[in-house]
Protein chains: 2
Amino acid sequence: MPTKKKPQVTATPERRRELLGTAAEVFAAQGYNATTVRKIADAAGMLAGSLYYHFDSKESMLDEILSGFLTELWDGYDAVLAAGLGPRETIEALVTESFREIDRHRAAVAIYQKESRHLSAQPRFQYLSDSQQKFEKAWLGTLERGVAAQVFRADLDIRLTYRFVRDTVWVAASWYRPGGQHSPDEIARQYLSMVLDGIAVRT
Amino acid sequence: MPTKKKPQVTATPERRRELLGTAAEVFAAQGYNATTVRKIADAAGMLAGSLYYHFDSKESMLDEILSGFLTELWDGYDAVLAAGLGPRETIEALVTESFREIDRHRAAVAIYQKESRHLSAQPRFQYLSDSQQKFEKAWLGTLERGVAAQVFRADLDIRLTYRFVRDTVWVAASWYRPGGQHSPDEIARQYLSMVLDGIAVRT
DNA sequence: TAATCTACCAAACACTTGTTAGGGAAGGGT
DNA sequence: ACCCTTCCCTAACAAGTGTTTGGTAGATTA
């Protein structure tokens, strides 16, 4: 007989995902470090120790939330990048896809934004750095293609442009609430309109 | 003879500001909750308890950092708003002023962005909510004036535009490092160029 | 020289933290 | 009837938390 069972990997994943959902909400609302396992247990209607039947640490919950989100994100991104679109259409598709991910994983995105910087130093979360590097390569590469093809302005610092576009998209997770008056696609449309054409009236 | 002295208000403020500076750096790098008073003391080259000679709590350090930043920020903003500029010029001046504040208070800005949401619920930090409301009124009002004067596009959701402009400016604090190759004014110029005219080539 | 003040240290405090160990109720399978 | 699995509770643990108290070397003042 083995010394320990591992119900957290073999058991039915229904309850796990339910718990991960509430954990993600609390993490997003209070911040990871400010969130105690007792608060998560409260929100889930159980006691702190009971969480450890499903997960083996608080950190592994965070890990699972973030890696799950990134996996789904890259499913979408890779599909877009493999489609062989032009630079402008690629940017449009990436932005739209991003807002859809924010719609589906807004808690995870909020956590990612707040914590990823100092988490990526830890070896366990190195996939955050990897993802961010891949992310930068995809966006920066598309922008450079666009400048070369003369569909994007050449007079701007391209790295500044990259950060500009990236930030404008992802910070939306901090105020976005699913079920609002704007659908993700509508928000993407307006954001793209602003980023591409500006907010000033054309003269 | 009074029961207690309060050296933290009457003493020379030199050392206080020095300590607040290092505390702000640690807060910004690690997050407020993840930062222990012992880490701050380490960075300052002293022991944890010694901090309480200068400040009466960890929270009051945070308070002083944030309120100090907001005070200086509004000094700059009020001057701009009182200048009676047109909508576009007001936006330009506000953005430029913002990047200058980021340059001067990047640690405080980073802390503000990460923590202000859940801090503003606390009564002690209600001035964060007040400031944010004043902030929204100033920016939204200017944008509305611009739409009415036909210098800003009328086909965009104005609240979305507000969040767009606001976020694009302030998230810069998360990557900005003083002494980089771009001055605050140069970054402001490029940001304004993108926000106002877009990144697409005009056809 | 004596008194006071400044800025820190040393050591402890009460409390919260993540985590663990043992147990038990409910229910399905045989 | 029995066993086993699932899922949670009770109760505790050690480590780390913010904070307090009393003391003290060195400068400043009287």
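Naming convention: chains lettered A, B, ... in sequence-line order (proteins, then strands); numbering from 1 in each chain.
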*asked:* Using side-chain heavy atoms (C-beta onward) and a distance below 4.5 Å, is B/W170 in contact with A/D167?
replied: no
May I ask you to decide whether [X] forms a salt bridge with [Y], counting only side-chain N to carboxylate O separations under 4.0 Å?
X      : Y      : result
B/E144 : B/K137 : no
A/K134 : A/D78  : yes
B/R17  : B/E64  : no

Could you go through residues 33-45 of chain B and list every donor-acceptor pair under 3.5 Å that involves a side-chain atom there, pairing it with any protein atom two or more places apart or in another chain?
{"residue": "B/T35", "atom": "OG1", "partner": "B/V26", "partner atom": "O", "Å": "3.4"}
{"residue": "B/T35", "atom": "OG1", "partner": "B/G31", "partner atom": "O", "Å": "2.6"}
{"residue": "B/T36", "atom": "OG1", "partner": "B/R38", "partner atom": "N", "Å": "3.3"}
{"residue": "B/T36", "atom": "OG1", "partner": "B/K39", "partner atom": "N", "Å": "3.1"}
{"residue": "B/K39", "atom": "NZ", "partner": "B/Q30", "partner atom": "OE1", "Å": "3.4"}
{"residue": "B/K39", "atom": "NZ", "partner": "B/A34", "partner atom": "O", "Å": "3.2"}

Under 3.5 Å between N/O atoms: give me all the protein pairs with nucleotides 11-18 of chain D, atom names plus distance.
{"residue": "D/dG18", "atom": "OP1", "partner": "B/T35", "partner atom": "O", "Å": "3.3"}
{"residue": "D/dG18", "atom": "OP1", "partner": "B/K58", "partner atom": "NZ", "Å": "2.9"}
{"residue": "D/dG18", "atom": "OP2", "partner": "B/V37", "partner atom": "N", "Å": "2.9"}
{"residue": "D/dG18", "atom": "N7", "partner": "B/R38", "partner atom": "NH2", "Å": "2.7"}
{"residue": "D/dG18", "atom": "O6", "partner": "B/R38", "partner atom": "NH2", "Å": "3.0"}

Between atom [atom1] in [X] and atom [atom2] in [N], what is the gap in whole Å?
X     : N      : atom1 : atom2 : result
A/F55 : D/dC7  : CZ    : C1'   : 13 Å
A/I40 : C/dG18 : CD1   : P     : 8 Å
B/L47 : C/dA10 : CG    : P     : 6 Å
A/L19 : D/dT6  : CG    : P     : 16 Å
A/M46 : D/dC8  : CE    : P     : 5 Å

Measure from NZ or CZ of [X] to the centre of the six-membered ring of [Y], then state whether that distance is under 6.0 Å and the direction lies within 45° of the axis.
X      : Y      : answer
A/R159 : A/Y162 : no
A/R163 : B/W175 : yes
A/K58  : A/Y32  : yes

*asked:* Is the distance between the ring centroids of B/F99 and B/Y176 under 6.0 Å?
replied: no
*Would you mind telling me which of C/dA7, D/dC7, C/dA10 lies closest to the side-chain atoms of B/H54?*
C/dA7
Ignoring backbone atoms, establish whether [X] has a side-chain N or O less than 4.0 Å from OP1 or OP2 of [N].
X     : N     : result
B/S50 : C/dA7 : no
B/R15 : C/dT6 : no
B/Y53 : C/dA7 : yes

Kindly give the atom pairs (protein nitrogen or oxygen, nucleotide nitrogen or oxygen) under 3.5 Å for nucleotides 22-29 of chain D.
none

